[in-house]
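Source: prediction; values computed, not measured. Index from 1, following the sequence.
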Amino acid sequence: MKEASRVLREAAFDAALLDIDVLDGKTFAVAHLLAERGTPFAFVSGARPDEVPPPLRQVPFLPKPYDPQDIERTFLARLAHQG
């Protein structure tokens with residue numbers, strides 16, 4: 001998580017997919033940084049949607065296993081809302 005947060009502060013991203021549970025914790029801090037930057041992102045996770053903190057519950061959530069077409073549809077919808 002520390003590495004992801006550092007990279008996020010140093011680079012710009014067009015979009016991101018976040019698994020909630022990673023080796024060194026949860027990705028919610030990274031999700032908050034992405035939200036503050038206005039970077040479109042979605043959670044792709046085997047976790048339960050109710051584990052997402054309330055301020056992040058409007059973020060798209062794709063449960064594993066997911067269909068790659070679901071990811072495409074999610075990002076096209078997110079990008080259209082920002083356009």
Side-chain angles (χ1 to χ4, degrees):
M1 287 300 305
K2 289 180 184 178
E3 180 70 10
S5 296
R6 182 189 62 77
V7 169
L8 186 57
R9 283 188 200 62
E10 296 175 0
F13 293 87
D14 294 326
L17 296 172
L18 296 179
D19 194 346
I20 290 175
D21 295 302
V22 294
L23 290 177
D24 56 349
K26 305 269 187 193
T27 59
F28 299 133
V30 173
H32 284 290
L33 289 171
L34 289 167
E36 288 171 8
R37 288 180 139 190
T39 302
F41 69 98
F43 292 112
V44 289
S45 184
R48 295 184 330 268
D50 63 356
E51 292 181 46
V52 177
L56 295 171
R57 289 193 181 157
Q58 79 284 358
V59 174
F61 184 99
L62 299 169
K64 289 181 181 177
Y66 51 82
D67 183 328
Q69 290 180 339
D70 290 339
I71 293 173
E72 181 179 6
R73 282 189 289 274
T74 297
F75 273 106
L76 289 175
R78 293 284 288 177
L79 294 172
H81 282 72
Q82 289 190 336

Report the distance from atom [atom1] of [X] to atom [atom2] of [Y], rounding to the nearest 0.5 Å.
X	Y	atom1	atom2	result
Phe13	Leu33	CZ	CG	11.0 Å
Tyr66	Leu17	OH	CG	7.0 Å
Arg73	Asp67	CZ	CG	6.0 Å

Which atom of [X] lies closest to which atom of [Y], heavy atoms considered:
X	Y	answer
Arg37	Arg9	NH2-O, 3.8 Å
Phe61	Pro49	CE2-CG, 3.6 Å
Pro55	His32	CB-CE1, 4.2 Å
Glu51	Ala47	OE2-CB, 3.7 Å
Asp14	Pro40	O-CD, 3.3 Å
Asp50	Arg57	O-NH2, 3.1 Å

Parallel, tilted or perpendicular for Phe28 and Phe43, by the 30°/60° rule?
perpendicular
Are side-chain heavy atoms of Leu18 and Leu34 found at a separation under 4.5 Å?
yes
Are Val59 and Val52 side-chain neighbours, meaning at least one heavy-atom pair lies under 4.5 Å?
no
